[in-house]
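Here the structure is a predicted model, which means the values were calculated and not measured. Here, residue 1 is the first one in the sequence, and each next residue gets the next number.
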Amino acid sequence: MKNKKQLIKGLAFITVGIVLLILVIFLEKRRESALDTKEIIAYANNKVSELKSSEVLSTMDKTSIIIFNDDSLYSKTSIQLLEKLNKEYENIQVYSYDLSTEEADIVLENNKIIVKKDSTVLYKSLLKKFGEFSEVYAIELDNGELINTGYKKIVLPFTVFINKGKIIYTHFVSEEFFSSYTEKDLEKIYRTGAEMLIKKGI
């Protein structure tokens, strides 16, 4: 009888030990899972968020950095640098929007300016907001001569630094930019804009 009681007591201790071990393993797994989730969220927060067309104008009323891009190497390089910047300035939200398909298609035929496709409503709204920051829409002839079409355009990639709805700093990357400057130069330019936002008080 005594041996039976000791056996039952021993089995009870073993059972409790197994339960405690399972509980420890379960809690550790939950902790690791929570850490993984935090890492995923931190990574997501460092990424440049892609805007929908319906979100662009409302986002421009806030404090943010928005890069209007196309699928060029210049845009990809710019976005990568802004992602790097976003890791350092966690309080600044960085967005991107592909504007390449919304621009007007204007050609010169028989010495006449012809608009084959008009720009979108959003594009026109952005031109009004950018004002002096937009560029002349010019057509380059084979001899290098530039013909002013009388229209305006947004040179992509175009990055705007916005403080409470007001544009305080802009920069666009032309094809000629990297012939004179490096990625580090571009990073310094973006950093200047970010510092201006910080000084304005985010």
Hydrophobic cluster identity match, Val173 and Ile79, side-chain contacts under 4.5 Å: yes
Looking at Glu55 and Lys52, would you say the former's side chain and the latter's main chain have a donor-acceptor pair under 3.5 Å? yes
Check whether any side-chain heavy atom of Gln93 lies under 4.5 Å from a side-chain heavy atom of Thr59, and answer yes or no. no
Between Thr63 and Ile92, is there a side-chain heavy-atom distance shorter than 4.5 Å? no
Is it the case that atom CG in Asn143 sees more than 12 heavy atoms from other parts of the structure closer than 6.0 Å? yes
Given side chains that start at C-beta, do those of Tyr190 and Lys84 come closer than 4.5 Å, heavy atoms only? no
Return the OG to CD distance between Ser75 and Gln80, rounded to the nearest 0.5 Å. 11.0 Å
Step by step, work out the side-chain contact (heavy atoms from CB on, under 4.5 Å) result for Tyr74 and Ser174. CA-CA 8 Å; Tyr74 309 114; Ser174 63; over 6 Å; no
Using modelled atom types and a 3.5 Å cut-off, is there a donor and acceptor pairing between side-chain atoms of Thr149 and backbone atoms of Tyr137? yes
Nearest-0.5 Å distance, CG of residue Asp98 to OG of residue Ser53: 11.5 Å
Shared hydrophobic cluster, Leu186 / Met196 (ILVMFWY, side-chain heavy atoms < 4.5 Å): yes
Output yes when a side-chain donor or acceptor of Thr77 lies under 3.5 Å from a complementary backbone atom of Leu73, and no otherwise. yes
Taken to the nearest 0.5 Å, the spacing of Ile154 CD1 from Ser100 OG works out to 12.0 Å
Let me see the working for Val136 and Leu146 under side-chain contact (heavy atoms from CB on, under 4.5 Å), right down to the final yes or no. CA-CA 10 Å; Val136 171; Leu146 293 176; over 6 Å; no
Do Leu82 and Ile66 share a hydrophobic cluster (ILVMFWY, side-chain heavy atoms under 4.5 Å, transitive)? no
For a 4.5 angstrom cut-off between non-hydrogen side-chain atoms, does Tyr95 reach Lys62? no
Closest non-hydrogen atom pair between Phe178 and Glu183, with its separation: CE2-N, 3.9 Å
Around Lys117, counting heavy atoms of other residues, nucleotides and ligands shown, do more than 12 lie under 6.0 Å from its NZ? yes
Hey, mind stepping through Ile189 and Tyr169 against side-chain contact (heavy atoms from CB on, under 4.5 Å) and telling me if it holds? CA-CA 10 Å; Ile189 290 169; Tyr169 191 70; 3.5 Å; yes
Glu140 side, atom CD; Leu108 side, atom CG - distance, nearest 0.5 Å: 12.5 Å
Tyr151 versus Val115: any side-chain heavy-atom pair under 4.5 Å? yes
Heavy-atom closest pair (Ile167 atom, Lys129 atom, distance to 0.1 Å) is CD1-O, 4.0 Å
Is there side-chain contact between Ile65 and Asn86, with at least one heavy-atom pair below 4.5 Å? no
Is the Phe158 to Phe130 ring centre distance short of 6.0 Å? yes
Return yes if a side-chain donor-acceptor contact under 3.5 Å exists between Asp61 and Ser58, otherwise no. no
If hydrophobic clusters are built by linking Ile, Leu, Val, Met, Phe, Trp and Tyr wherever their side-chain heavy atoms come under 4.5 Å apart, do Leu85 and Val160 end up in the same one? no
Are there over 12 heavy-atom neighbours, none belonging to Lys124, within less than 6.0 Å of that residue's NZ? yes
Count I, L, V, M, F, W, Y as connected when their side-chain heavy atoms are under 4.5 Å apart, and connections chain through other members. Are Tyr97 and Val48 then in the same cluster? no
How far does CG of Asp118 sit from OH of Tyr123, to the nearest 0.5 angstrom? 11.0 Å
Has the side chain of Asp70 got a donor or acceptor atom that lies under 3.5 Å from a matching backbone atom of Ser72? yes
Pair Glu187-Arg191, salt bridge (Lys or Arg N to Asp or Glu O under 4.0 Å): steps then yes or no: CA-CA 6 Å; Glu187 184 179 340; Arg191 195 177 296 280; 2.8 Å; yes
With a 6.0 Å cut-off (strictly less than), is the heavy-atom count around CD of Glu50, excluding the residue itself, greater than 12? no
Value rounded to 0.5 Å, distance of CG in Leu99 from CD1 in Ile67: 11.5 Å
Checking ring pair (Phe, Tyr, Trp, His ring centres under 6.0 Å) between His171 and each of Phe161, Phe177, Phe133, which is the one that passes? Phe177
For Leu197 and Ser64 the tightest heavy-atom approach is CD1-O, 4.1 Å
Set out, in order, the CA-CA distance, both residues' side-chain angles and the distance that settles side-chain contact (heavy atoms from CB on, under 4.5 Å) for Asn69 and Thr159, then state yes or no. CA-CA 8 Å; Asn69 61 284; Thr159 306; over 6 Å; no
Are Phe172 and Glu135 packed together at the side-chain level, in the sense that at least one heavy-atom pair is separated by less than 4.5 angstrom? yes
Using side-chain heavy atoms (C-beta onward) and a distance below 4.5 Å, is Val56 in contact with Leu122? yes
